[in-house]
Amino acid sequence: MPEKTGFALQALLITVLFNAALLAAVYFIGGEALQGKAVAVFGVGALLTLALWFALRQVSRRFTGSAAPAEATPRSVTPAAPDEASALQLLAILQRKGRLIDFLQEDLRAFDDAQIGAAVRSIHAGCSEALAEHVELAPVMQEAEGSAVTVAPGFDTQAVRLTGNVVGDPPFKGALRHRGWRVVRVNLPARMPGQGQEKILAAAEVEVTA
């Protein structure tokens with residue numbers, strides 16, 4: 001818009017100067033024949049000035065309007081921030097039900113296999129209960145692990161990962177090594193306003209003795 005306004009003003013200025021010079025030359029050459037007709041001559045000149053200026057504006061609009069718009073500079077796409085609140089909430093549930101974080105943060109080198117196995121049973125039971133209560137899971141593929149399967153063309157690369165001798169285009173035939181998991185339903189408890197802002201997964205416990 002500023003460029004169009006500047007062009008219009010420049011066209012008006014050039015037109016006025018051109019017509020003024022032309023009228024002065026006509027009046028000078030006409031000499032005595034134009035004496036007493038100065039008002040009529042300059043009136044006609046003013047009309048010509050407006051007509052020429054209008055024509056120049058129309059031409060400028062046609063050229064500026066037909067010009068292809070400049071391509072917008074592509075903006076860098078910023079990935080959306082993950083919703084970590086739900087993930088932290090589920091992690092807190094696994095800690096509360098099965099002491100999962102305590103187990104993962106423990107240095108197991110100080111324990112023998114029998115001690116670890118005994119501890120894993122209670123952790124497994126608590127975490128399985130938490131998942132069954134809040135997250136419904138289903139296998140990606142229904143066939144039994146170890147069975148022969150065929151991966152059809154157009155398969156979901158996020159749902160099925162190919163390993164081994166992957167050559168050519170689908171369909172691929174192979175053995176199912178892992179059925180995969182997908183989430184069917186998530187049922188996390190509602191959070192109170194402000195809850196989880198400090199990212200506390202498990203509160204510290206202090207036993208008061210006195």
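These values consider heavy atoms only, across backbone and side chains, with no hydrogens, waters or symmetry-generated copies.
One finds the CG atom of Leu100 at 7.5 Å from the CD atom of Gln95 (value rounded to the nearest 0.5 Å). Within the model, atoms CD1 of Ile101 and CG of Leu201 stand 4.5 Å from one another, a figure rounded to the nearest 0.5 Å.
Listed by first then second residue, pairs satisfying salt bridge (Lys or Arg N to Asp or Glu O under 4.0 Å) with a partner in residues 169-187 read Glu136-Arg185, not counting sequence neighbours. Among residues at least two apart or in separate chains, there is no side chain to side chain donor-acceptor pair (under 3.5 Å) pair with a member in residues 137-151.
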Can you list, pair by pair, the side-chain donor-acceptor contacts under 3.5 Å of residues 110-129, counting residues two or more places apart and other chains?
residue	atom	partner	partner atom	Å
Asp112	OD1	Ala114	N	3.3
Asp112	OD1	Gln115	N	2.8
Gln115	OE1	Asp112	N	3.1
Ser122	OG	Ala119	O	2.9
Ser128	OG	His124	O	2.8

Expected list for residues 154-163: side-chain donor-acceptor pairs under 3.5 angstrom, two or more places apart:
residue	atom	partner	partner atom	Å
Asp156	OD1	Gln158	N	2.9

**Request:** Give the intermediate values and the outcome of side chain to side chain contact (heavy atoms under 4.5 Å, CB included) for residues Trp181 and Val140.
**Result:** CA-CA 5 Å; Trp181 294 107; Val140 174; 5.6 Å; no
### Query
Given Asn187 and Val135, is the side chain to side chain contact (heavy atoms under 4.5 Å, CB included) satisfied, shown in steps?
CA-CA 6 Å; Asn187 182 28; Val135 181; over 6 Å; no
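Remark: Arg109 pairs with Asp107 by the salt bridge (charged side-chain N to carboxylate O under 4.0 Å, His left out) rule, at least two apart or across chains. Not counting sequence neighbours, the partners of Glu133 by the salt bridge (charged side-chain N to carboxylate O under 4.0 Å, His left out) test are Lys97.
At least one side-chain heavy atom of Ile93 sits less than 4.5 Å from a side-chain heavy atom of Pro189.
Looking at every heavy atom in both residues, Pro171 comes nearest to Ala152 through CB-CA, 4.4 Å.
Hydrophobic clustering (ILVMFWY, side-chain heavy atoms < 4.5 Å, transitive): Leu90 and Val186 are in one cluster. Hydrophobic clustering (ILVMFWY, side-chain heavy atoms < 4.5 Å, transitive): Leu94 and Leu104 are in one cluster. Neither Val184 nor Leu131 shares a network with the other; the hydrophobic side chains, linked directly or stepwise wherever heavy atoms of I, L, V, M, F, W or Y lie under 4.5 Å apart, form separate groups for each.
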